[in-house]
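Everything below concerns the one structure shown next.
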Amino acid sequence: MTNYKNSALSIEERVQDLLAQMTLDEKVGQLIQLFGWRTFSKNEDGTVTLTEEFKEDIRQGKIGSLYATLRADPWTEVTLETGLSPAEGAAALNDIQRFVIEHSRLGIPLMFGEECSHGHMAIGATVYPVPLLAASTWNPALYQQMCEAVAIETRSQGGVATYSPVLDIVRDPRWGRTEETYGEDPYLAGELAAAAVMGLQGKGLDSPDTVIATLKHFVGYGASEGGRNAAPVHMGMKELHEIDLVPFRKAIEAGAISVMTAYNEIDGVPCTSSEYLLDEVLRKQWGFDGFIITDASAMNMLVHGYNVAETGEKATALSLQAGIDLEMSGYMFGKYLKSALEQGIAQEAHLDQAVSRLLKVKFQLGLFDQPYVDPERAARVIHSPEHIELAREVARQGIILLKNKNEALPLQPTSTGKIAVIGPNANKPYNQLGDYTSPQPAGKVITVLEGIRQKLGVDSDQLLYAPGCRIKDESQEGFELALETAKQAETVILVLGGSSARDFGEGTIDLRTGQSLVHDSEESDMECGEGIDRSNLNLTGVQLELCQQIYALGKKLIVIYINGRPVAEPWIDEHADAIIEAWYPGQEGGHALAEILYGEVNPSGRLTISVPRHVGQLPVYYNSKRTRGKRYLEMDLQPAYAFGYGLSYTTFAYSLPVVSPAEIVRDEHTQVSVEITNTGQVAGWEVAQLYLTDLFASVTRPEKELKGFQKVFLQPGETQTVTFTLTPEHLELVTSQLDRIVEPGEFHLQIGSNSVEGQVVTLTVR
């Protein structure tokens, strides 16, 4: 037995033994991740046949990892008919892995990476709400449970890494990937990032229930010029350290194993070749010892796009030296790295370092000792009743009530009269799932219409429906039926918003990256998602006109937004009786919304991103600098709905916060306590939010910063004491030299239900 196969030895010993036996071609091969769905074809009996090209690559040691082997969507062209069931998928990955181990010279197993932003992107998996909604729960413990469930489903099929969480801080919500993020705040994103890492990776990677968390996109990707995907980022290093790097650092501290570089450049340096970011900050300052992967085709952009490398050899050398260990798509490393090494442009020491990191992870995963999974277990755990209920609970806690004039909600099933459910998102399953979603069988996704129908009874004559219009189409041909339907009802539930659906009318697909290309096709409703950035935040098509004509009927009007970015529609804000922001609530969204509409669930979601009144206000975020300016000629700078905002069916009262001690030295801790009382008539969740303002500092500071939050459940009349502990880390600032320090002075502490409201007390730091 060679030493690397001896499980009694340490991982370091096994890595060094294996590395010493590898050829240059085999080392380069470990850095290459190819598209996994291209490696096989499905047979009629559900088994797979590996392609001859893939087999030959394996025999020559040219592949170390596969990307999205079980991914199903228009990019991969895998459908419900051509895709693999949960058990078939697990068996297929076993077959691939078995061939690799038995037919490669050293038997080094593959690492299977899968997309799992809000559920494993494979046929049959549970579809959870998108991260923007999960963040709106303000419940990291619940989100951790969701990530644990995603890890179980993914690992049961053989996937050992996921390309999530997305930790980008959004500065311009016109960006199509806003839905994949946690919103605009670094502290909240950091708490959720840590929860994601703990949920995905658990207590050990060799568990059958865990996967590698990959932090993306490193870094600044959510602050691109004009909100355009992969556009340049104009940001100083100080801002980068105090805002965008924060959630990544918290996730690294939580034990994240992998990081993915961002497509963008920062101040002229592409992230994929930034030694400062990848080596100095990530590895030397933070002590990260995992592996770094590129985004798809990012290395190629160094030659064609950024033009910082004249040749493929130069691009691979720049990336390898900066700290890249694995290339998604494998095109550049596979074609140019060996030549770069032979020419002396790249160094074999850097190659050995990258290979060692990847081998270490494969040993940590237990792939050398237990490379296969149980297909029967995959069939049992994927889309289990427990996971379906969890998807519904995340939706329940993340859906946000923005307006409730004269207690228009909740509805009463016995006294509301007829209900008309109208709108392009009322009964479109794919429109409520978000981007990075696999094809779904009929009936699996519960729409708003279906959720209300099941709530009232399948045969209820109280429920009427008409779509009215499409998301993007300018046609009003559906208005007549919608208005006739609305006239028959006492209450209209109008479901508007957007779509990130790629499974119908998705238009042109970029075959390099899987992004959807902007086009003028009248068949596509997709107005959000990767590669779909907008110039404004209004509703597309004729949705506003539909709303205005229905409002003119004089009916009670409940508006539900299902969408992936904030909607700026002041007319609806003013005229609707109630407004609900549901983001993309996942497969159980219809059930959750019906429960909220009828009062079975008290809404408790809170915004994690400010909603502007007009696109001209952008950027709009709560933690802006004091020096941001006064106002525009046409309007001030206040958003329509502030960060942290969300209504409830009950009311809460806060006592004056108590700081103990109220004066500390810079290395001490203090506690801030407040009593919260449910002063209403129904039980509900409240999200207590702590904001800090540094009154005077040596550098300019934000107006206020979130530094703590707790979600508590209170019965009517019940009072709970909520206590926050402030540490030096909460009080620190980033200096112009990029040091993190606590300066003496006075701090205002605000505790309340959102970033605008709350009582303020003072803390003195000596």
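Just so it is clear, the model here is predicted, and its values are computed rather than measured.
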Would Gln476 and Cys469 count as a side chain to side chain contact (heavy atoms under 4.5 Å, CB included) if you check the C-alpha gap in whole Å, the side-chain angles of each, and the deciding distance to 0.1 Å? CA-CA 6 Å; Gln476 297 187 9; Cys469 64; over 6 Å; no
Worked verdict on Glu686 versus Arg606 for salt bridge (charged side-chain N to carboxylate O under 4.0 Å, His left out): CA-CA 9 Å; Glu686 170 65 335; Arg606 303 291 185 264; 3.1 Å; yes
Show your working on side chain to side chain contact (heavy atoms under 4.5 Å, CB included) between Leu557 and Ile550 and close with a plain yes or no. CA-CA 8 Å; Leu557 178 60; Ile550 288 177; 4.2 Å; yes
What verdict does the side chain to side chain contact (heavy atoms under 4.5 Å, CB included) test give for Asp435 and Val130, after you've listed the backbone C-alpha separation in whole Å, the side-chain angles of each residue and the deciding distance to 0.1 Å? CA-CA 8 Å; Asp435 204 358; Val130 294; over 6 Å; no
Working note: Lys455 + Glu600, criterion salt bridge (charged side-chain N to carboxylate O under 4.0 Å, His left out); need CA distance, chi angles, decisive distance, verdict. CA-CA 10 Å; Lys455 181 63 60 184; Glu600 288 186 19; 2.8 Å; yes
Applying side chain to side chain contact (heavy atoms under 4.5 Å, CB included) to Leu70 and Ile123, what does each step give before you reach the verdict? CA-CA 8 Å; Leu70 297 178; Ile123 300 295; over 6 Å; no
Is there a salt bridge (charged side-chain N to carboxylate O under 4.0 Å, His left out) between Arg155 and Asp209? Walk through the geometry before answering. CA-CA 6 Å; Arg155 190 68 180 263; Asp209 295 335; over 6 Å; no
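In terms of modelled atom types and a separation under 3.5 Å, the side chain of Ser156 and the main chain of Arg377 share no donor-acceptor contact. A donor-acceptor pair under 3.5 Å links the side-chain atoms of Glu88 to the main chain of Ser85, judged by distance alone. In this structure a side-chain-to-backbone donor-acceptor pair under 3.5 Å is present from Gln720 to Phe713. Here the side chain of Lys418 pairs no donor or acceptor atom with the backbone of Leu464 at under 3.5 angstrom. Proximity of a side-chain donor or acceptor of Tyr645 to a complementary backbone N or O of Leu402 within less than 3.5 Å is detected. Side-chain atoms of Tyr430 come within 3.5 Å of backbone atoms of Gln440 as a donor-acceptor pair (strictly under, hydrogens ignored). Formation of a donor-acceptor pair under 3.5 Å by the Asn538 side chain with backbone atoms of Ala568 is found in this model. No donor-acceptor pair closer than 3.5 Å links the side chain of Tyr649 to the backbone N or O of Glu407. At least one donor-acceptor pair under 3.5 Å links the side chain of Thr608 to the backbone N or O of Tyr182. The closest donor-acceptor contact from the side chain of Asn678 to the backbone of Phe652 lies at 3.5 Å or more, if one exists at all.
Under 4.0 Å is where a charged nitrogen must lie from a carboxylate oxygen, and between Glu527 and Arg534 at least one such pair does. For Arg71 and Glu114, the salt-bridge test fails: no basic side-chain N is under 4.0 Å from an acidic carboxylate O. With respect to the salt-bridge test (charged N to carboxylate O, under 4.0 angstrom), the residues Arg392 and Glu595 qualify. Salt-bridge check for Asp533 with Arg174: failed, with every basic side-chain N at 4.0 Å or more from each acidic carboxylate O. Looking at Arg177 and Glu530, a side-chain N of the basic residue comes within less than 4.0 Å of a carboxylate O on the acidic one, giving a salt bridge. A salt bridge does not link Glu81 with Lys42: none of the charged nitrogens is closer than 4.0 Å to a carboxylate oxygen. With respect to Lys555 and Asp577, no salt bridge is recorded, no charged nitrogen being found less than 4.0 Å from a carboxylate O.
Shown here is Lys444, whose NZ atom has more than 12 heavy atoms of other residues, nucleotides or ligands within 6.0 Å. The neighbour count for Glu477 CD, taken as heavy atoms of other residues, nucleotides or ligands under 6.0 Å away, does not exceed 12. Residue His614 places its NE2 atom among 12 or fewer non-hydrogen atoms of other residues, nucleotides or ligands, all under 6.0 Å distant. In this structure, Gln488 places its CD atom where more than 12 heavy-atom neighbours from other residues, nucleotides or ligands lie under 6.0 Å away. Under a cut-off of 6.0 angstrom, the local environment of CD in Glu480 is sparse, with at most 12 non-hydrogen atoms contributed by other residues, nucleotides or ligands.
Closest non-hydrogen pair, Ala379 versus Pro86, comes out as CA-CB, 4.2 Å. Across all their heavy atoms, Leu192 and Pro140 have their closest contact at CD2-CA, 4.1 Å. Across Asp73 and Pro439, no two heavy atoms sit closer than the pair N-CD, 4.2 Å. In terms of heavy-atom proximity, Leu647 sits nearest to Asn404 at CD1-N, 3.8 Å. Pairing each heavy atom of Gly497 with each of Ile471, the nearest pair is O-CD1, 3.7 Å. Of all the heavy atoms in Pro585 and Pro129, the pair that sits closest is O-CG, 3.3 Å.
Residues Trp571 and Tyr551 bring their aromatic ring centres within 6.0 Å. Between Trp138 and Phe643, the distance from one ring center to the other falls under 6.0 angstrom. Residues Tyr143 and Tyr128 keep their aromatic ring centres 6.0 Å or farther apart.
To the nearest 0.5 angstrom, Glu153 atom CD is 6.5 Å from Ser384 atom OG. Rounding to the nearest 0.5 Å places CG of Asp172 at 7.5 Å from CG of Leu537. Atom CD1 of Ile562 is separated from atom CD1 of Ile560 by 6.5 Å, given to the nearest 0.5 angstrom. The CZ atom of Phe479 sits 5.5 Å away from the CD atom of Gln549 when rounded to the nearest 0.5 Å. Rounded to the nearest 0.5 Å, atoms CG (Leu449) and CD (Gln454) are 10.5 Å apart. Going from atom NZ of Lys428 over to atom CZ of Arg470 covers 5.5 Å, rounded to the nearest 0.5 Å.
Between the side chains of Thr679 and Thr677, no donor-acceptor pair of N or O atoms lies under 3.5 Å. There is a side-chain donor-acceptor pair under 3.5 Å between Ser500 and Glu179.
For the pair Asn425/Val448, no side-chain contact is recorded, criterion being any heavy-atom separation below 4.5 Å from C-beta on. Here the side chains of Thr491 and Ile558 are in contact, with some heavy-atom distance below 4.5 Å. Looking at heavy atoms from C-beta onward, Leu553 lies in side-chain contact with Lys487 at the 4.5 angstrom threshold. Side-chain contact between Ile452 and Leu597 is present, with heavy atoms from C-beta onward closer than 4.5 Å. The closest side-chain heavy-atom distance from Ser610 to Glu184 is below 4.5 Å. Counting heavy atoms from C-beta outward, Ser117 and Pro131 have side chains that approach closer than 4.5 Å. In this structure, Lys556 and Leu411 have side chains that are in contact, with non-hydrogen atoms separated by less than 4.5 Å. Under the 4.5 Å side-chain criterion, counting only non-hydrogen atoms from C-beta, Thr719 is not in contact with Ile676.
Listed by chain and number, the residues in a side chain to side chain donor-acceptor pair (under 3.5 Å) with Glu581 are Asn563 (sequence neighbours excluded).
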